[in-house]
*Asks:* 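Dropping the structure in here first, questions after.
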There are 2 protein chains.
Amino acid sequence: MLTNLSRGQHVGTRDVILDAAATVIRTRGMANATTREIAKAAGYSEATLYKHFTGKVELLVAVLRERSPGFAHLARAMGDDDADLTTGLTAIATAAIAFYTDNFPMLASIFSDPSILAAHNAGLREVGAGPHRVNEAVVDYLRHHQERGTIRRDADLYAAAGLLVGACFQHAFLGHMNWSDRRPDREAAAGFAAMTTAALR
Amino acid sequence: MLTNLSRGQHVGTRDVILDAAATVIRTRGMANATTREIAKAAGYSEATLYKHFTGKVELLVAVLRERSPGFAHLARAMGDDDADLTTGLTAIATAAIAFYTDNFPMLASIFSDPSILAAHNAGLREVGAGPHRVNEAVVDYLRHHQERGTIRRDADLYAAAGLLVGACFQHAFLGHMNWSDRRPDREAAAGFAAMTTAALR
DNA sequence: GTCTATACGCGGATAGAC
DNA sequence: GTCTATCCGCGTATAGAC
């Protein structure tokens, strides 16, 4: 997801507020992401927040939609489908683990308030975006390989993508739960990729 | 996780409060799970809550640890390792999807408040419990099959368990995000199990 | 566009009676 | 063990001046 900054546009008050809100959510949690805290972090008064957003829910939903860093990097890993299948899947898994590790807390937080969850889902559906896009992109990646004969004809690509992406998703989750015996990220990514490859040929 | 009810013990005030809190969290979200709401749902005054728990965090953490229904059913699916591998994994995947679908909102909610997350993790570590236990149990299940020769000797069981359980975990998550093109639970479970089996032989 | 000041209800928590 | 009554700070939101 591109920020206005990376598009080279003017960075307005709205962007400063969104950045500040994202920071507060990441560091103190959604429960402590109050209008007071966000305003203080942004260097503006609370009243200014309400000039740029109709209310708190709209602000938070905007943060969720416009401040999900790392997705571009993940997409780049999937554009590269010339490499060996296992190598490519390892790169995808590594990027996916990093992406989900960064974004899991913010993503999970929206479940704490049904009104935010509903607004967020509605907003995503309108523009056709959402977390399932990662799975769909992996399916496309696998289809390219299948067309070149690297993957067997009758393989269930949907299930395979679900296994790989889901494993990365849960690995990131377990990382936040401080599971000490968990494998390091790179090792886990390689293992997931190797097993997925084994299932596909 | 057994409740006092299923152990046949007396159902005291504490249990009533925990049940009420779990209901409020599930229906209104963690953000709206106030002491007022919980007390009203339990049929007791707020003051009574504070006679049974030192504070709100302790109450919520107790709910998370003692009100995770369906885990027993999931465990049962894994005890049955006499069946064909794909059949067994399908049963496990089906139970896992149901389990995560039920518990994801409550589990995800704890990320909204770092103090609750920390207290929850500390509590789990003390008794050696946690979400990773599901993965470990699947590894054990796979090892039994490996010892009987149903799975190849050099298979990475840890990665395989991560793929299957992770896929179910994320499938449940996507379900809550209202992804319309998502496969039905049973179909998804069968697909995940079949692909995992393919990777293991 | 941004500020200061303020309204007002809600949430966590406790004192003390029964 | 449970209740009623109450405290006090916090959080959202707005009015109105500059």
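So you know, we letter chains A, B, ... as the sequences are listed, proteins then strands, and number each from 1.
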*Asks:* Any side-chain N or O of B:Tyr50 under 4.0 Å from OP1/OP2 of C:dT14?
*Replies:* no
*Asks:* Taking for each residue the nucleotide of DNA chain C with the nearest heavy atom, is it B:Gly55 or A:Arg36 whose nucleotide lies nearer the 5' end?
*Replies:* A:Arg36
*Asks:* Of A:Thr54 and A:Ala31, whose nearest nucleotide on DNA chain D comes first from the 5' end?
*Replies:* A:Ala31
*Asks:* Would you call A:Arg14 and A:Glu66 a salt bridge, taking side-chain N to carboxylate O under 4.0 Å as the test?
*Replies:* yes
*Asks:* Please find the earliest and latest nucleotides of DNA chain D, in the 5' to 3' direction, that have an atom within less than 4.0 Å of any heavy atom of chain B.
*Replies:* D:dT2 to D:dT4
*Asks:* For a quick check of understanding: with a heavy-atom distance under 4.0 Å over all strands, which category does B:Ser45 fall into, base, sugar-phosphate or nothing?
*Replies:* base
*Asks:* Categorize A:Thr35 for me: base, sugar-phosphate, or nothing, with a 4.0 angstrom heavy-atom threshold over every strand shown.
*Replies:* base
*Asks:* Going by side-chain hydrogen bond (donor to acceptor under 3.5 Å, both in side chains), name the residues that satisfy it together with A:Asp84, two or more places apart in sequence or in a different chain.
*Replies:* A:Thr87
*Asks:* Could you give the CG-to-C1' distance, from B:Asp113 to C:dG11, as a whole number of Å?
*Replies:* 14 Å
*Asks:* On DNA chain D, check which nucleotide each of A:Ala33 and A:Ala47 is closest to and give me the residue with the more 5' one.
*Replies:* A:Ala33
*Asks:* Nearest whole angstrom, please: distance from the C1' of C:dG12 to the CD1 of B:Ile38.
*Replies:* 11 Å
*Asks:* In Å and rounded to the nearest 0.5 Å, what is the CG to CZ distance from B:Leu59 to B:Phe53?
*Replies:* 5.0 Å
*Asks:* Parallel, tilted or perpendicular for A:Phe169 and B:Phe104, by the 30°/60° rule?
*Replies:* parallel
*Asks:* Tell me which donor-acceptor pairs under 3.5 Å the side chains of residues 23-33 of chain A have, and how far apart each pair is, sequence neighbours excluded?
*Replies:*
{"unit_1": "A:Thr23", "atom_1": "OG1", "unit_2": "A:Asp19", "atom_2": "O", "d": "3.0"}
{"unit_1": "A:Arg26", "atom_1": "NH1", "unit_2": "A:Asp102", "atom_2": "O", "d": "2.8"}
{"unit_1": "A:Arg26", "atom_1": "NH2", "unit_2": "A:Arg67", "atom_2": "O", "d": "3.4"}
{"unit_1": "A:Thr27", "atom_1": "OG1", "unit_2": "A:Thr23", "atom_2": "O", "d": "2.9"}
{"unit_1": "A:Thr27", "atom_1": "OG1", "unit_2": "A:Val24", "atom_2": "O", "d": "3.4"}
{"unit_1": "A:Arg28", "atom_1": "NH1", "unit_2": "A:Glu37", "atom_2": "OE1", "d": "3.1"}
{"unit_1": "A:Asn32", "atom_1": "ND2", "unit_2": "A:Arg28", "atom_2": "O", "d": "2.8"}

*Asks:* Taking A:Arg183 first and then B:Asp156, would you say they form a salt bridge - that is, a charged N and a carboxylate O separated by under 4.0 Å?
*Replies:* yes
*Asks:* Looking at every strand, decide which applies to A:Lys51 at a 4.0 Å heavy-atom threshold: base, sugar-phosphate, or nothing.
*Replies:* base
